[in-house]
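Comments concern the structure below.
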Amino acid sequence: MARFELKLPKMGESVAEATITNWLKEVGDKIEMDEAVLEIATDKVDSEIPSEVAGVLVEKLFQKDDLVQVGQTIAIIETEGGAVAPVVVQEAPAPITAAIEEVVKTVETARDYVAAPIPSQPQDFSHSEKFFSPLVRNIAKEEGITIAELESIAGTGNEGRVTKNDILEYIKNKVNAPATAPTPVAAAPIVTPVAVVESQSVAPSSQPATSSNPQPKAVPVSVNGQDEIVEMDRMRKLISGYMVASLQTSAHVQSFIEVDVTTIWDWREKNKNAFEKREGEKLTFTPIFMEIVAKALKDFPMMNIAVDGDYIIKKKNINLGMAAALPNGNLIVPVIKNADQLNLLGMAKAVNDLGNRAKAGKLKPDDTQGGTYTVTNVGTFGSVFGTPIINQPQVGILALGAIRKVPAVIETPEGDFIGIRKKMFLSHSYDHRVVDGALGGSFVKRVAEYMEAFDENRSF
């Protein structure tokens with residue numbers, strides 16, 4: 001008999017850790033090769049971890065909701081024959097060990113300054129609507145931090161999540177607070193929603209660790225016997241946190257413009273069948289529009305940026321996020337990397353591949369990372385236009401409205417006349433902290449100009 005170590009595989013350049021969401025196998029269960037053993041989640045994508053060998057699960061080294069680093073051994077599988085794989089006892093990663101040591105020092109200092117004793121009862125965070133990483137929860141329980149206190153901490157991590165440094169800073173601030181005027185725990189305001197796991201790329205925030213501006217209290221919801229109560233699934237909780245955090249982070253402003261896409265409509269109708277027959281790919285409007293947006297971003301590089309505290313980061317690559325609705329009603333944003341380097345065929349392949357894998361739940365974590373600008377097609381559901389929320393840490397998002405047949409004034413050398421045209425609205429939401437109306441309006445106007453100047457004789 002041999003023992004095989006099942007490790008958390010590398011899931012992309014920007015993914016360094018994942019949270020175990022469910023064990024599909026228990027100790028003693030037989031496992032076939034390539035059979036899924038457990039489910040894990042990064043901050044946006046859920047995945048299954050399959051076994052590379054056939055055998056019996058003899059040991060689980062982590063439990064549900066535990067945070068696992070890439071390369072760590074998750075479980076031990078016993079196989080028949082073959083060389084014995086060395087089993088390494090898992091030790092806490094260095095960052096976690098350092099965090100625990102720092103917490104211990106903070107606690108010792110706290111006992112000299114804070115008269116109130118630390119609660120001895122461990123806190124139960126299962127009732128919180130927000131999901132904190134296991135490391136943050138453990139530190140909170142160790143220090144007697146209540147749910148209300150933990151929810152009051154303004155996260156400086158990606159999408160406003162609470163990181164190890166945030167909670168340690170909060171503890172340090174409590175230590176240094178005057179002992180004669182402790183802050184009542186119950187009065188702690190809810191400031192910022194948090195996401196599921198801590199990110200390796202932590203963006204500094206200009207917000208203080210705690211807010212002096214209390215937020216409005218939630219209005220109580222009355223429930224009667226006829227109402228059905230449905231708990232949000234994990235992805236819906238994530239989306240909820242991301243959207244609220246984005247509105248709290250960016251100063252949203254919108255510009256709208258109507259564009260005549262009759263030429264694009266007619267060109268696609270004339271070429272879509274030949275395109276699919278020759279290239280084996282369906283030709284929708286999406287790759288055509290994405291190609292144009294990428295071209296406009298090259299003209300306006302200050303729309304292809306991110307904000308990091310008081311600094312603006314100009315992104316070298318143009319990575320277009322493509323908002324996609326999932327069958328269960330949730331939303332995900334896969335990313336087309338280096339979109340400006342793709343021709344129409346390459347763009348169509350990327351759009352179709354990401355869209356199909358998103359619907360089938362087959363996206364990899366790296367497929368949703370690294371976006372620099374996002375496009376969402378609200379016209380798919382009949383909306384004429386919309387006011388989309390910025391996908392942080394980006395500074396702009398473009399909504400494509402429904403294409404409609406409308407009567408329009410057509411200018412010709414012989415005079416103006418009324419004709420039937422195919423038109424749509426473009427809705428551009430941008431971050432007014434760094435993008436003013438001139439830039440935001442000029443960018444969406446350039447997109448419209450490229451659409452209306454589309455070459456009706458172009459080949460594919």
Side-chain angles (χ1 to χ4, degrees), residues 2-79 85 87-88 90 93 131-135 161 195-200 231-239 241-242 322 324-335 337 350 352-370:
R3 292 163 68 86
F4 173 79
E5 294 183 357
L6 179 64
K7 299 179 183 291
L8 181 65
K10 184 175 176 60
M11 297 171 290
E13 292 183 1
S14 56
V15 180
E17 59 190 14
T19 300
I20 296 177
T21 56
N22 187 35
W23 279 96
L24 304 176
K25 295 292 183 178
E26 297 298 331
V27 173
D29 289 351
K30 291 184 178 180
I31 301 173
E32 300 296 330
M33 183 179 293
D34 295 328
E35 185 178 7
V37 179
L38 70 158
E39 296 174 340
I40 57 97
T42 64
D43 57 346
K44 291 188 178 181
V45 176
D46 296 346
S47 302
E48 293 180 344
I49 302 298
S51 173
E52 301 175 36
V53 297
V56 176
L57 180 62
V58 295
E59 188 177 358
K60 296 193 297 184
L61 301 179
F62 292 92
Q63 301 302 316
K64 182 180 178 181
D65 294 333
D66 283 351
L67 190 66
V68 185
Q69 304 295 317
V70 168
Q72 280 191 287
T73 302
I74 307 173
I76 304 299
I77 299 173
E78 196 170 74
T79 64
V87 179
V88 180
Q90 292 296 317
F131 195 108
F132 302 95
S133 75
L135 175 58
R161 66 195 55 167
V196 173
V197 294
E198 292 183 317
S199 172
Q200 290 295 316
E231 183 180 3
M232 292 184 188
D233 60 24
R234 174 183 167 276
M235 181 169 284
R236 177 48 53 186
K237 291 178 182 178
L238 275 172
I239 295 171
Y242 290 151
M322 180 184 70
L326 300 177
N328 61 3
N330 287 327
L331 176 73
I332 198 165
V333 186
V335 177
K337 306 292 175 63
N352 293 341
D353 173 59
L354 291 173
N356 292 335
R357 287 197 287 122
K359 293 177 182 177
K362 300 297 184 183
L363 287 176
K364 300 176 182 178
D366 201 46
D367 290 330
T368 61
Q369 304 291 328

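- Minimum heavy-atom separation, T79 to A54: CG2-O, 3.3 Å.
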Applying side-chain contact (heavy atoms from CB on, under 4.5 Å) to I74 and L61, what does each step give before you reach the verdict? CA-CA 5 Å; I74 307 173; L61 301 179; over 6 Å; no
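- We find the CG-NZ distance between D366 and K337 to be 4.0 Å, quoted to the nearest 0.5 Å.
- For L331 against A325, the heavy-atom pair with the smallest separation is CD1-N, 4.3 Å.
- Side-chain contact between E59 and T73: absent, with no pair of heavy atoms (C-beta onward) separated by less than 4.5 Å.
- Closest approach of W23 and I20 over heavy atoms only: NE1-CG2, 3.8 Å.
- Expressed to the nearest 0.5 Å, how far CZ of R3 lies from CD1 of I76 amounts to 5.5 Å.
- Rounding to the nearest 0.5 Å places CG of N330 at 10.5 Å from CE of M232.
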Between E48 and L38, does the side-chain contact (heavy atoms from CB on, under 4.5 Å) criterion hold? Intermediate values first, please. CA-CA 6 Å; E48 293 180 344; L38 70 158; over 6 Å; no
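- Partners of R236 under the salt bridge (Lys or Arg N to Asp or Glu O under 4.0 Å) rule, at least two apart in sequence or in another chain, do not exist in this structure.
- Looking at I40 and V68, their side chains never come closer than 4.5 Å, going by heavy atoms from C-beta outward.
- When each of L24, I49, L6 is tested with V37 by the rule side chain to side chain contact (heavy atoms under 4.5 Å, CB included), just one qualifies, namely L6.
- Among residue pairs with one or both ends in residues 22-39, those qualifying as salt bridge (Lys or Arg N to Asp or Glu O under 4.0 Å) are K25-E35, E26-K60; sequence neighbours excluded.
- Of all heavy-atom pairs spanning A358 and I332, the tightest one is CB-CG2, 4.1 Å.
- Under a 3.5 Å cut-off, the side chain of D367 and the backbone N or O of K364 do form a donor-acceptor pair.
- V335 and G370 make their closest contact through CG1-C, 4.4 Å (heavy atoms, listed as atom of the first residue, atom of the second, distance).
- T21 has its side chain out of reach of K64: every pair of non-hydrogen atoms, C-beta onward, lies at least 4.5 Å apart.
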